[in-house]
Amino acid sequence: MEEGNNKKKSFLVPEPALRRMPCYLAYLKIASRKGDRYISSTNIAGDMGVDPTQVTKDLSYTGISGKTRVGYEVEPLIDALEDFLGFRIVDNAFLFGAGSLGRALLHDHGLKQYGLNVVKAFDIDPAVVGREIVDVPIHHIDDFKLMREEGVEIGILTVPTESAQQVANLMVEGGIKAIWNFTPVRIKTPEDIVVQNTSLYAHLAVMFNRLHEIKQQMAKRY
Ligand SMILES: NC(=O)c1ccc[n+]([C@@H]2O[C@H](COP(=O)([O-])OP(=O)(O)OC[C@H]3O[C@@H](n4cnc5c(N)ncnc54)[C@H](O)[C@@H]3O)[C@@H](O)[C@H]2O)c1
């Protein structure tokens, strides 16, 4: 699924709370479009299938608290969540591996909305090096070191599994401080590097398993 390499380290905000926050944000934006000015943690909890005390605790990390009886003011809470999650500041990033998944990410408009702007991509394939994909130039990986002075600290890793560790090492040497790792390889990095592993297929496996279990339960019932 999605997990970081930071289990040993202690952070102020627990990862599950951070993962729920974008869902609260999306929910609040829908409420805002409907014209709701206030919303209670009970409503949010009921609609999102979360415990109300959990909602209150999660939202307290933004520094905003609800008012008795009326709940949270929707717009300030949206602002606070976006600020807290870093979605309002756009960070530049490099992408490593402009293949099928890398290209799909370059085409995704959502990344920039959520604060991530891919400015360059790196690959080894002569068929893509020198080209642009949605205005993002593709350079040869060997040129990456020359670009370290650009101060980009975030790297997206979408190379084949066999090259994952080697490219991750290059990324770290080149000044990357946070790696969004889409490969299934559990890459090894120095302690001060943030690694976020993401797998669509892990979620797919959970979906298949749940579907299978529900079908079995239904079959037993009837
Ligand atoms: N997390 C997910 O949900 C998910 C989904 C799909 C694929 N993946 C993983 O993402 C990775 C990429 O998958 P894909 O389908 O896009 O593969 P792909 O073969 O289409 O693309 C890989 C790209 O990396 C380039 N590359 C190879 N070695 C390189 C190197 N040393 N430096 C820079 N670029 C290099 C290749 O030329 C190619 O363009 C794989 O590890 C795959 O397992 C993960």
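- Rounded to the nearest 0.5 Å, atoms CZ (Phe96) and CD (Gln166) are 12.0 Å apart.
- Val50 and Val13 fall within the same hydrophobic cluster, where Ile, Leu, Val, Met, Phe, Trp and Tyr residues are linked whenever their side-chain heavy atoms come under 4.5 Å apart, directly or through other members.
- Rounding to the nearest 0.5 Å gives a distance of 4.0 Å between CG of Asp91 and CD1 of Ile154.
- Counted within 6.0 Å of CZ on Arg37, heavy atoms from surrounding residues, nucleotides or ligands total 12 or fewer; the atom is thus considered open.
- Residues Val118 and Phe94 are not in side-chain contact: their nearest non-hydrogen atoms beyond the backbone lie 4.5 Å or more apart.
- Residues Ile133 and Ile138 form a side-chain contact, since some pair of their non-hydrogen atoms from C-beta on lies under 4.5 Å apart.
- Asn181 contributes a side-chain N or O that, together with a main-chain N or O of Val185, makes up a donor-acceptor pair within less than 3.5 Å.
- Linking ILVMFWY side-chain heavy atoms closer than 4.5 Å, directly or via other members, places Tyr114 and Val90 in two distinct hydrophobic clusters.
- Rounding to the nearest 0.5 Å gives a distance of 10.0 Å between OG of Ser32 and CD1 of Ile39.
- Within the structure, every pair that satisfies the side chain to side chain donor-acceptor pair (under 3.5 Å) test and touches residues 59-74, not counting sequence neighbours, is listed here: Lys57-Tyr61.
- The shortest non-hydrogen separation linking Leu85 to Pro22 is CD1-N, 4.0 Å.
- You'll find the side chain of Leu157 reaches within 4.5 Å of the side chain of Ile187, heavy atoms only.
- A continuous path of hydrophobic side-chain contacts links Ile124 to Phe122 [ILVMFWY only; heavy atoms under 4.5 Å].
- Grouping the Ile, Leu, Val, Met, Phe, Trp and Tyr side chains by contacts below 4.5 angstrom, directly or via other members, places Met218 apart from Leu211.
- Atom CG of Asp135 is surrounded by 12 or fewer heavy atoms from other residues, nucleotides or ligands within 6.0 Å.
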Check your understanding: Can you list the steps and then say if Leu59 with Leu77 is a side chain to side chain contact (heavy atoms under 4.5 Å, CB included)?
Key -> CA-CA 8 Å; Leu59 294 178; Leu77 186 55; 3.9 Å; yes

Point to revise | Candidate pair Asn169 and Glu173, rule side-chain hydrogen bond (donor to acceptor under 3.5 Å, both in side chains), full reasoning | key: CA-CA 6 Å; Asn169 294 347; Glu173 281 166 30; 5.9 Å; no

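- Heavy atoms only, all atoms of each residue included: Asn43 and Tyr27 are closest at O-OH, 3.6 Å.
- Counting heavy atoms from C-beta on, the side chains of Leu28 and Leu81 come closer than 4.5 Å.
- Between Lys120 and Glu132, no side-chain nitrogen of the basic residue sits less than 4.0 Å from a carboxylate oxygen of the acidic one, so the salt-bridge criterion is not met.
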Check your understanding: Between Gln113 and Phe87, is a side chain to side chain contact (heavy atoms under 4.5 Å, CB included) present by the stated rule, with each step listed?
Key -> CA-CA 7 Å; Gln113 279 167 23; Phe87 291 167; over 6 Å; no

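- Listed for the Asp123 side chain is a donor-acceptor partner under 3.5 Å among the backbone atoms of Ala98.
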Point to revise | His212 vs Gln217, side chain to side chain contact (heavy atoms under 4.5 Å, CB included): CA-CA, chis, key distance, verdict | key: CA-CA 9 Å; His212 185 67; Gln217 284 168 16; over 6 Å; no

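- Here the shortest heavy-atom pairing between Ser41 and Pro52 reads CB-O, 4.1 Å.
- When all heavy atoms of Ile176 and Ile193 are compared, the closest pair comes out as O-CD1, 3.5 Å.
- Formation of a donor-acceptor pair under 3.5 Å by the Glu153 side chain with backbone atoms of Gly175 is not found in this model.
- Using a 4.5 Å heavy-atom cutoff, the side chains of Val194 and Ile179 are not in contact.
- Between Val136 and Val119 the shortest side-chain heavy-atom distance does not fall below 4.5 Å.
- Cluster annotation: Val74 and Ile30 are assigned to distinct hydrophobic clusters (Ile/Leu/Val/Met/Phe/Trp/Tyr, side-chain heavy-atom contacts under 4.5 Å, transitive).
- Considering OG1 of Thr158 and CG of Leu95, their distance stands at 4.0 Å, rounded to 0.5 Å.
- Applying the ring-ring contact (aromatic ring centres under 6.0 Å, His included) criterion to Phe182, with sequence neighbours excluded, gives Trp180.
- Atoms CD and CE, from Gln54 and Met48 in turn, are 10.5 Å apart once rounded to the nearest 0.5 Å.
- Put simply, the side chain of Asp125 gets close to the backbone of Ala127: a donor and an acceptor are under 3.5 Å apart.
- Using a 4.5 Å heavy-atom cutoff, the side chains of His139 and Val129 are not in contact.
- The shortest side-chain heavy-atom distance between Ile156 and Leu116 falls under the 4.5 Å cut-off.
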**Study point:** Worked verdict on Phe84 versus Leu18 for side chain to side chain contact (heavy atoms under 4.5 Å, CB included)
**Key:** CA-CA 10 Å; Phe84 181 80; Leu18 285 172; 3.8 Å; yes

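- Going from atom CD of Glu75 over to atom CG of Asp36 covers 10.0 Å, rounded to the nearest 0.5 Å.
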